[in-house]
Every structure is written in structure tokens, then in C-alpha cells.
There are 2 protein chains.
Amino acid sequence: MSTDAHILIVDDDRDIRDLLSRFLRKNGYRISAAADGNEMKHILETARIDLIVLDRVMPGSDGLSLCRELRATSRTPVILLTLLGGDTDRIIGLEIGADDYLAKPFNPHELLARIKSVLRRVSDLPLQSSLQKSPVLSFGGWKLDRSRRYLESPVGVLVSLTDGEFDLLLAFAERPQVILSREQLLDLSRGRSAAAFDRSIDMQITRLRRKIEADPEQPEIIKTVRNKGYVFTSEVTGAAE
Amino acid sequence: MSTDAHILIVDDDRDIRDLLSRFLRKNGYRISAAADGNEMKHILETARIDLIVLDRVMPGSDGLSLCRELRATSRTPVILLTLLGGDTDRIIGLEIGADDYLAKPFNPHELLARIKSVLRRVSDLPLQSSLQKSPVLSFGGWKLDRSRRYLESPVGVLVSLTDGEFDLLLAFAERPQVILSREQLLDLSRGRSAAAFDRSIDMQITRLRRKIEADPEQPEIIKTVRNKGYVFTSEVTGAAE
DNA sequence: AGAATTTTGTAACAGCACGTAACATTGCCC
DNA sequence: GGGCAATGTTACGTGCTGTTACAAAATTCT
């Protein structure tokens, strides 16, 4: 799990450091904190850090420059915290190479979500390697053509999938037997992270099941795993034919 | 890299000119500066400028008119600096044809981000180098003659394209398999940047598809990528025959 | 077991992106 | 100036996606 990752918080404000440290520790992360660029560098030299949460404004060294420096030397992911929520800042942040960006004041849960998302993006999800390059994936008679982006049913009829349905199905078919959370699916199929009460994946699953399951009420291919997400249970081969 | 681009700063305030010059030089750009419209024109005639940072208010010649003039003669991108941050200004700025817009006072880093963004939009577009000089581009039987500006169909009929259609098709054919946003296409084919609710590219695509797609409702050559833009999906060769 | 709570399925609706017809505008030629 | 061709704008239809609300199912609590 991504829990167990080591996060470094860099902020000159002691209260924020403490608050975030406690909050993130409670959520299963190992935490270090630094008050400025020097401390940060010191910690980076002595510990293996998986992600850095960096305040943009700090007396002495500015978060942006630190971030730029970091980017030059390592590829440890960075989430930048900044005061104003202007678009401009976002642009700058991402320009500089931050992996994500959060405007203060923010909800700690939001930070948590971003952290998860960034770590997930970085560490990447298992992908059955034999399926990596084959242009056509087959499962239970179905054929999913990656390059042409269509799905052929067992009896040879082309089933029209919307882009979103196709992307979701592909995310599954590339990772058979792996339980994928809604968050992971959102990330894989839409490239975004979940908002609160986000049910979009549920809906997309429903729609997909209507097209590929013999009985959408008793799904055989994409099964629900309560409290976890969904699994693609068919065996998948990269066979061309 | 876009670093190494040559930027012209036009502002009547010496301090600002110097500040920006130093700052941008430090970030790897070649800089020229002008105090008014005349100096600007002089420099434009003697050097190859990649981007202009233009102050809106200047004694003598107003930045807006200068910008409008510029647009009439060249497609060098312009970032406009203005005092008030009103929406109105933004709209005016972009209508006039500025590529971006920044309200004073601004953070130099912000300007840097905009500059990078504009330059990227304009020049960083991948262009399949082998196609760069060949006078005739071939794809799926079609032949696009760059120098004579005509298109020949697979059966050898000349298809008459308007200038705009030709420019758009060329922008695509030089970058096969690359997803191009409407903004990029506008820039590549018309040399201007998008206004709000700009659908002109959509229309031009529709018109182009009518001329080159077998079935304009099921386009095979120029495909739509939802939320992103369009892609030219045919393979392109620079071969003459 | 039955009640309360959580989680999932899904209908209904809202919003946006895209295609495109029809109209407006622009620039050009006679 | 009037007519024309090219291009841009507006308006509307369509399809896809996400949100909300509620029903159904699974789980936990008593």
C-alpha cells in the first residue's frame, strides 16, 4: 500500500508543520518536517523521501526556487502549497515542475487525496506485462482492439463503446484479477482524482456492464468487491487472433 | 529548448525594462528592450524576435494600437502588460490579438510562466522533421503540394482548398499522430489566439472534412479527441511519388 | 431475527463538448 | 457600390459524462 510512504513537510510555520504532521501520521504515513530549505536539504540527504509537501512562501528561500532546484537534482514528487488560488499560481507551480498544487487555506483531507494521487501516479499500478504491447486483448470471446479502439463481441458484432467506457474497460483488461479502487480507476481511465461523493465510476461501470455482461444484474466479467472497488475476473490473453 | 528565445520588452519605464531584462536574461532568454513604438519597430526590423512583452500604456503610442499594428503585419506573439486587472482589459487585450495578458503589478515569475506557456504554444509543437522540407506530403493516396498549395485526391483530381483549409490541413499533415488543441491549431493555421467561445476551428474542420473524408460523419483522417482537440491519424510521407 | 447503517446500483436530470446550419462579417474584384 | 468568396459567429441539436436522489443489497448492531 501507499501507506508507509515517507513524506517531508517543508513550511516555516511551526503550527502548520505540526498540524500536517499529526494529520498525515494518523493516516499512516511516516513524516519528517523542515522549516526551511537548508533543513530540507539535510533531511533529503539522510532519509529516503517519497514525497515533499512544500510551502511556496517562506522567509529566506522561496518555495518555487526550492522546487526548481529539486527538480534539477531529483525526481521526488512535490506538492506545492500556496496562498492565493489564482490560476496563475497553478500555472507557475506546474511550470516549475511541481506534481500537484494546493491553495491555502485547504482542507487536510484534500491534501491527503492529492498525496495519494501523486504517489499512485508515481509508483504506477501493476499491469500484466504480457498484455502491455499486444494491440488486441481477448477475454471470454470478446476482443478489445486497443489501436482501433473498438470492442468485438463473441459472435463477431462490433459493440460501440464511448471513449470513457473504452478507457475504463481497457484499464480493467490490462490488469485482470487485480482489485481496483474507484480512485485508481478514476485515475487510470480519466486521469483525475476523486472529489467527495464521486460516483462517476459507479455509473460508468453500470453502463459498461449493460454492454458487455450477459446479465447486468449478475455480472460475470466485472465484479464488485465491497469496500474495495471492482475486479476484472476474466482471463485475458494478448492473442492476435 | 525554448530557452534561447529572443524576447523584446517594450515599456517606457526604464526601471521596469531593466528589471525585466535582468530577470529574463537570468532565465536564459536573449533580451532586447525598447522605450516606445519607434524603437520597437526598429528592433523588429533588425532582429528575429520570438516574443514581445508590451506595456499597454505609454506616452506617445499606446500599447493597444501597437499590438493591433503588430498583428496586422506579423504573427510574433505578444504578452500585454496593463495596470488595472479588470476583466475588461483582459478581454480587450485578447481581442486585439495579444497572446496573453498580465496585470501590473505582477510577479516576474508569473511573467516567466506566461512567456514559457506562450512560447510552448507557439513553437514547441512537435513537427515531424522528415516532413519539414519536402514540397509534397502524401497520406492515404492524397498529395498535398506545399509550394503550389493544392491538394490532389487519390484518383488524381485536384481538390480546391481555400487558403484557410489548406493551412489547417498542412498544420495537421506536418504533425501526424499528434493531438492538437484548438488553440494550437488556431495558432498554427491562423497565427492568432482564441477568444472565448471560439468555434472557428470546429467550422474549418467541418469544411475540411467535407472535402477529404469519404464519410464526413465517420472521419478517418482527422479524428476528434474529446476535451483535447483533433488528431491527424494518417501516415504521412514526404515522398514525391 | 429485526433495526440501523453503510455501500452499491441506477434512474433521472443537468451540463458540456462537438457538429453544423444559417447568418454576419470581412476583404476583394469589377 | 454591388456581388462574391472565405471565414467567423451564433444558435441549436445530439450524445457523453457526472451529479443527485433514492432504492436495493450487504453488513453491523441490538
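Letters A, B, ... mirror the listed sequences (proteins, then strands); counts begin at 1. Quantities reported herein were computed from a predicted structural model and do not represent experimental measurements.
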Residue from R209(A), K223(A), R182(A) passing side-chain hydrogen bond (donor to acceptor under 3.5 Å, both in side chains) with Y230(A): R182(A)

Which residue lies more 5' along DNA chain D, comparing L186(B) with R199(B) via nearest heavy atoms: L186(B)

Tell me the closest heavy-atom pair linking A171(A) and L180(A), and the distance in Å. O-CD1, 4.2 Å

It should be established whether Y230(A) places a side-chain nitrogen or oxygen under 4.0 Å from OP1 or OP2 of nucleotide dT7(C). no

Assign each of F197(B) and T162(B) the nucleotide of DNA chain D bearing its closest heavy atom; nearer the 5' end lies the nucleotide of T162(B)

Any side-chain donor near an acceptor of the partner, S147(B) and D145(B), under 3.5 Å: yes

Check whether any side-chain heavy atom of V157(A) sits under 4.5 Å from a side-chain heavy atom of E152(A), and report yes or no. no

Above 12 or not: heavy atoms from other molecules or residues under 6.0 Å from CZ of R148(A)? no

Name the first nucleotide and the last nucleotide along DNA chain D (5' to 3') that come under 4.0 Å of a heavy atom in chain A. dC16(D) to dT27(D)

Indicate yes or no: at least one non-hydrogen side-chain atom of R149(B) is less than 4.5 angstrom from one of L161(B). no

Those residues of residues 200-227 of chain A lying under 4.0 Å from DNA chain D by at least one heavy atom: S200(A), M203(A), Q204(A), R207(A), R226(A)

To the closest 0.5 Å, what do you measure between CG (L170(A)) and CZ (R175(A))? 8.0 Å

K228(B) NZ to dC16(C) C1', straight-line distance once rounded to whole Å: 15 Å

What's the spacing between I201(A) CD1 and T206(A) OG1 if we round to 0.5 Å? 11.0 Å

Contact under 4.0 Å: R182(A) side-chain N or O vs dT7(C) OP1/OP2: no

